[in-house]
Asks: 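Pasting in a structure now, in structure tokens, and then I'll have a few things to ask.
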Number of protein chains: 2
Amino acid sequence: MDKKIICDIREFNRFYTKVLGLFNNQILGTSYSLTEVRILFEISERTECIANHLVQELSIDKSYMSRIIRKLEREQLIEKKSSTTDSRKNFLLLTKKGKAILDNIHIQSDIQINQLFNGLNDEEINEIVSSMMKIKQKLSKTGGAPVQ
Amino acid sequence: MDKKIICDIREFNRFYTKVLGLFNNQILGTSYSLTEVRILFEISERTECIANHLVQELSIDKSYMSRIIRKLEREQLIEKKSSTTDSRKNFLLLTKKGKAILDNIHIQSDIQINQLFNGLNDEEINEIVSSMMKIKQKLSKTGGAPVQ
DNA sequence: GGTAATTGTGGACTGAGTCAACTAAGGGAG
DNA sequence: CTCCCTTAGTTGACTCAGTCCACAATTACC
């Protein structure tokens, strides 16, 4: 691969590190860590979600996961329902409160996204989003990055 | 902004968080933290670089910066040269060793980038890179993200 | 000269994430 | 059935990145 291309990619990575940093900082205002929010989100998206799936999917240490699950349970954002067919597994579910908090975080995040795109017209926004989709679609194929 | 668009952006953010996570993990193998490497890189790119610029540019706590600078100095990756016109300021410079180590990190990073793009043909790679440049160029204008 | 701003240090701390050892349950192979 | 290996999760002890705050030294401003 060409030096110029590698350089451009690295430049984009530095740039987007900062963009994502903004979002992470916003989450810092919520008394939940980025990892905790990712976990809440994954639980909200999955049916029959168990901790070990998240350990693999999000590359989180299982002991750390265990403690986060306990914290979220204590704060009543999630509930465990142990599997009837395999008592090692606990299905994780968002509570009403958990859903509300995740929704709220998303609303905050929406505001931030709007800020980031502020001043761009619809055509420009569409160009950016389709660029994003193209990057994701192409890079997902390579296996260099986890699938999603 | 449209719900679908916001959703797509968030999806891309999650995806690219993972991509960047791969690079960060690679750096973990070098006994330097991501922040330390960013500092080394910024020093290498600037002339008359002082710690306080980096504090602002990279959004790092100044006491933390002070300690990192000290560490990098102790390990002889950088040198301080105090300004003749303002004795509060110290210009930061990479040593030969510092340059060598940064180069090496970049070589490792090149390998990782190649892995990430493995299996894509030149046309696809160009599409991705120009998508990245488009995103950076458009989003840089909005001020939602720091300029570079 | 006095006051405010800039640049940098040091101490004390929080909290995210890691490592290793362990329990408990399930899944075969013989 | 039982021995053994794998999977799911827990606990304790720890590291280290990053933050907060008070402070020293120098410079800029009026």
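Here the structure is a predicted model, which means the values were calculated and not measured. Reckoned from all heavy atoms, side chains included, excluding hydrogens, waters and symmetry mates. Lettering of chains follows the sequences in order, A, B, ..., and the numbering in each one begins at 1.
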Asks: Please give, in whole Å, the distance from D:dT11 P to A:Lys71 NZ?
Replies: 17 Å

Asks: Answer yes or no: are there more than 12 heavy-atom neighbours, outside B:Gln56 itself, under 6.0 Å from its atom CD?
Replies: yes

Asks: Say whether A:Ile50 and A:Leu54 are linked into one hydrophobic cluster, either directly or through other cluster members, by side-chain heavy-atom distances under 4.5 angstrom.
Replies: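 The answer is no; the residues belong to distinct hydrophobic clusters.
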
Asks: Quick check on DNA chain D: between B:Ile60 and A:Arg70, whose nearest nucleotide comes earlier from the 5' end?
Replies: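 Counting from the 5' end, the first nearest nucleotide belongs to A:Arg70.
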
Asks: Scan nucleotides 20-22 of chain D against the protein and return all N/O pairs shorter than 3.5 Å with their distances rounded to 0.1 Å.
Replies:
unit_1, atom_1, unit_2, atom_2, d
D:dC20, N4, B:Ser63, OG, 2.4

Asks: Note the angle between the end axes of the helix from C:dG1-D:dC30 to C:dG30-D:dC1, five pairs defining each, rounded to 10 degrees.
Replies: 30°

Asks: First and last nucleotide of DNA chain C touching chain A, 5' to 3', heavy-atom cut-off 4.0 Å?
Replies: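 The contact span of chain A on DNA chain C goes from C:dA16 to C:dG26.
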
Asks: Check this for me, if you would: do A:Glu42 and A:Arg46 make a salt bridge, where the nitrogen-to-carboxylate-oxygen distance has to be below 4.0 angstrom?
Replies: yes

Asks: A:Ile69 has an atom CD1; how far is it from atom C1' of D:dA8, in whole Å?
Replies: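 After rounding, the reported distance stands at 12 Å.
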
Asks: Any link between A:Met65 and A:Phe91 through a network of hydrophobic side chains (Ile, Leu, Val, Met, Phe, Trp, Tyr) touching at under 4.5 Å?
Replies: no

Asks: Any salt bridge linking A:Lys4 with A:Asp8? Criterion: basic side-chain nitrogen under 4.0 Å from a carboxylate oxygen.
Replies: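 Yes, A:Lys4 and A:Asp8 are salt-bridged.
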
Asks: For DNA chain C, what residues of residues 79-92 of chain A have any heavy atom nearer than 4.0 Å?
Replies: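 Heavy-atom contacts with DNA chain C come from A:Asp86, A:Ser87, A:Arg88.
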
Asks: Between A:Glu48 and A:Lys81, is there a side-chain N and carboxylate O pair less than 4.0 Å apart?
Replies: no

Asks: Would you indicate whether the side-chain heavy atoms of A:Ser109 and A:Ile113 approach each other to under 4.5 Å?
Replies: yes

Asks: How close or far is atom C1' of D:dT7 from atom CD1 of A:Ile50, stated in whole angstroms?
Replies: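 Those two atoms, CD1 and C1', are 9 Å apart.
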
Asks: Starting from C1' on D:dC16, measure out to CD1 on B:Ile68 and report it in whole angstrom.
Replies: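 From B:Ile68 CD1 to D:dC16 C1': 11 Å.
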
Asks: Taking side-chain hydrogen bond (donor to acceptor under 3.5 Å, both in side chains) as the definition, give me every residue that meets it alongside B:Asp86, ordered by chain and number, with sequence neighbours left out.
Replies: B:Arg88

Asks: Could you tell me whether B:Asp122 atom CG has more than 12 heavy atoms of other residues or ligands within 6.0 Å of it?
Replies: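 For B:Asp122, atom CG is not crowded (no more than 12 foreign heavy atoms under 6.0 Å).
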
Asks: Could you list the donor-acceptor pairs under 3.5 angstrom formed by side chains in residues 66-76 of chain B, with sequence neighbours left out?
Replies:
unit_1, atom_1, unit_2, atom_2, d
B:Arg67, NH2, B:Ser63, OG, 3.4
B:Lys71, NZ, B:Glu36, OE1, 3.1
B:Lys71, NZ, B:Glu36, OE2, 2.9
B:Glu75, OE1, B:Tyr32, OH, 2.8

Asks: Give a yes or no on this: more than 12 heavy atoms of other residues, nucleotides or ligands lie within 6.0 Å of atom NZ of A:Lys138.
Replies: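 Result for NZ/A:Lys138: enclosed.
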
Asks: Are the side chains of B:Thr17 and A:Phe23 in contact, using a 4.5 Å heavy-atom criterion?
Replies: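 No. Closest side-chain heavy atoms not under 4.5 Å.
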
Asks: Counting only N and O atoms by type, is there a donor-acceptor contact under 3.5 Å from the side chain of A:Arg10 to the main-chain atoms of B:His106?
Replies: yes

